[in-house]
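Residue numbers count from 1 along this sequence. Ligands are counted one by one from 1 in listed order, and the atoms in each one are counted from 1 as well. Just so it is clear, the model here is predicted, and its values are computed rather than measured.
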Amino acid sequence: GQPLVFDMSYEQHMSSHDAKNTVSQLLQCEGWNRRSVDPFHLHFCNLQPNSVYHQELLKRYGQETWERLFITTTSQRHVDIFPRENLVYLTADSPNVLRTFDHNKVYIIGAFVDRSAQSGVSLANAKRLKLATARLPLNEHLQWDCGAKNLTLDQMIQILITIKETGSWEKALEFVPIRKHGGFYEQKTENSVFIRFHQWYE
Ligand code: SAM
């Protein structure tokens with residue numbers, strides 16, 4: 001399968017509560033991925049032995065399950081494993097928009113949950129490593145004037161699984177919670193709401 005990297009290098013930016021929350025989201029990601037038609041080959045990079053992440057992953061899965069999972073875990077950096085030109089760091093703060101999903105690229109997601117929303121942390125990290133960056137085309141497809149555009153890790157993987165399978169941003173971005181935006185720009189959302197409404201009353 002196409003590799004997908006979770007960058008586990010943000011532990012020092014998080015409270016232990018947020019680090020544990022990150023692990024919960026990673027468990028959900030692994031589940032969504034495993035049940036998908038064409039799973040990504042997940043790589044947890046920069047995973048340090050005895051880090052809070054590592055201990056928490058072992059605790060939550062149990063040693064046996066953890067070792068059987070289809071996840072490659074390593075303390076190495078993504079840039080030491082994959083050719084730099086194949087890597088694209090996904091970050092909401094990127095000036096570049098991901099318009100089409102490329103099946104030959106290796107996308108990186110920051111394993112990073114911050115309720116304090118420290119903006120630009122993963123962008124700075126990607127720039128330091130001289131990696132290409134991209135943000136999801138949220139403004140381009142959703143009516144979304146204000147509010148944080150940072151999505152959770154499970155939303156990110158569901159979007160990537162769907163765009164990979166269907167090539168449709170309209171389908172993929174259905175995983176953005178509706179409370180975050182005012183609907184799709186296309187007519188479709190309105191129509192389907194209307195149709196549902198109509199059927200209800202017939
Ligand atoms: N303040 C954090 C930062 O500096 O990235 C936000 C972390 S966000 C909750 C977790 C990860 O999901 C990010 O590191 C990024 O890889 C990915 N992500 C979230 N929203 C995104 C978006 N709109 N576009 C691209 N990547 C996004």
For ligand 1, is there an N or O atom under 3.5 Å from any N or O atom of [X]?
{"X": "Val113", "value": "no"}
{"X": "Tyr89", "value": "no"}
{"X": "Leu123", "value": "no"}
{"X": "Val121", "value": "yes"}
{"X": "Lys149", "value": "yes"}
{"X": "Leu136", "value": "yes"}
{"X": "Asp114", "value": "yes"}

Closest non-hydrogen protein atom to atom 15 (C) of ligand 1, residue and atom name please, with distance?
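I find the closest protein heavy atom is Leu90 O, 3.1 Å.
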
Taking CD in Glu85 as the centre, count heavy atoms belonging to other residues, nucleotides or ligands within less than 6.0 Å. Is the count above 12?
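Yes, because the 6.0 Å sphere around CD of Glu85 holds more than 12 heavy atoms from other groups.
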
So does Val52 get a backbone contact from the side chain of Glu11, meaning a donor-acceptor N/O pair under 3.5 Å?
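Answer holds: yes.
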
Qualifying residue, where the test is ring-ring contact (aromatic ring centres under 6.0 Å, His included) with Tyr107 and the options are Phe40, Phe101, Phe6, Phe82:
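Testing Tyr107 for a ring-ring contact (aromatic ring centres under 6.0 Å, His included) against Phe40, Phe101, Phe6, Phe82 leaves exactly one candidate, Phe101.
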
Could Arg34 and Trp32 be counted as a cation-pi pair, given that NZ or CZ must be under 6.0 Å from the ring centre and within 45° of the axis?
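No.
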
Pairing donors with acceptors under 3.5 angstrom, does anything connect the side chains of Tyr61 and Glu30?
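Looking only at side-chain atoms, Glu30 and Tyr61 do form a donor-acceptor pair, the distance falling under 3.5 Å.
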
With a 4.0 Å cut-off on N to O distance, would you call Asp93 and Arg135 a salt bridge?
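Salt bridge: no.
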
Among Ala111, Ser122, Gly110, which one puts a heavy atom closest to atom 4 (O) of ligand 1?
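Shortest heavy-atom distance from atom 4 (O) of ligand 1: Ser122.
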
